Every structure is written in structure tokens, then in C-alpha cells.
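So the structure is just underneath, and the comments pick up after that.
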Amino acid sequence: MRHKDLGPWLAGITPRPRVGSVSVLDGYLTARVIGLCHVPPEEMFADLLGLHGDIATVHGEGLAVIMVVVERFNAIGETLSTRPDRLTPIFEHGADGRVRAGPWCMGFLAAMRLRDAA
């Protein structure tokens, strides 16, 4: 599975995960990279993907999805550590081609709420 395949996979699984699009996922991962507190992977994936995020039992296509998510998480972290000016968020685009940053922001906010008290 590749990064571009995540959107259709997320849209097609039931029950629906908290993260409904690649843009929301990207915002969520960015917040987890820069967040003040560590969130264990098993908690993060359960929050992201619901039943499909159980890293102890996932296999097949679900495992491939988790590996793609981990690759993006690591890429965000590496970019922010070495060249933060090069980070390119994955934003959605409307039918008119305009950037829709709202879904990315909602993902970012959802991840920050995991540790509101911090």
C-alpha cells in the first residue's frame, strides 16, 4: 500500500475511523510529532483507526496501512527536525482547486485533545 491509497481505504472501512481523510490524518500526525506529551503507538492507532488500529492483532491490508502511517509520521518528524521550512502539509482541495485547510486543522486539534491537560 502507498500513501495515495489511504484515502479510499479510510473511506471504505467500517466502522468509520476517527480519521476520515488523508488530510485529517496528516494534521493528526503533525500534532503528535510536535506534541508536548508522548502518546503510545497503541493508543494513537486506536484513536486514529478505531477497531482497525489494534497494532497487537492487525494483519494484511490493515498492517500495510499502519506502516504507511508510520512512514508519514517519521517523515514529518525528520522534516521538522532538519528542514522545518520544507514541511508540506497534505491539504484537501475543493472542486475549484482552492486549498481546504479545515480538515487538516481538525486532525491536528483531535490529536492535541489526547493530552489536553498537558
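Predicted model, so just to flag it, every value in this text is computed and none were measured.
Separating the CD1 atom in Ile34 from the OG atom in Ser81 is a distance of 11.5 Å, to the nearest 0.5 Å. Rounded to the nearest 0.5 Å, atoms CE (Met44) and CG (Leu29) are 6.0 Å apart. A distance of 11.5 Å separates NE2 of His59 from CD1 of Ile66, quoted to the nearest 0.5 Å. Here the straight-line distance linking atom CG of Leu87 with atom OG1 of Thr79 works out to 6.0 Å at 0.5 Å rounding. Distance NE2/His38 to CZ/Arg32: 9.0 Å, rounded to 0.5 Å.
Shown here are the salt bridge (Lys or Arg N to Asp or Glu O under 4.0 Å) partners of Glu43, two or more places apart in sequence or in another chain: Arg115. Listed by chain and number, the residues in a side chain to side chain donor-acceptor pair (under 3.5 Å) with Thr57 are Asp54 (sequence neighbours excluded).
The closest side-chain heavy-atom distance from Val22 to Phe91 is not below 4.5 Å. By the 4.5 Å heavy-atom criterion applied to side chains, Asp47 and Tyr28 are counted as neighbours.
Residue pairs meeting the salt bridge (charged side-chain N to carboxylate O under 4.0 Å, His left out) criterion with at least one partner in residues 76-89, sequence neighbours excluded, are Arg83-Asp85. Counting only residues at least two apart or on different chains, the salt bridge (charged side-chain N to carboxylate O under 4.0 Å, His left out) pairs with a member in residues 94-104 are Glu92-Arg100.
With hydrogens and angles disregarded, a donor-acceptor distance shorter than 3.5 Å links the side chain of Ser23 to the backbone of Ile90.
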In residues 104-113, what donor-acceptor pairs under 3.5 Å come from side-chain atoms, sequence neighbours left out?
unit_1 : atom_1 : unit_2 : atom_2 : d
Trp104 : NE1    : Asp26  : OD2    : 3.1

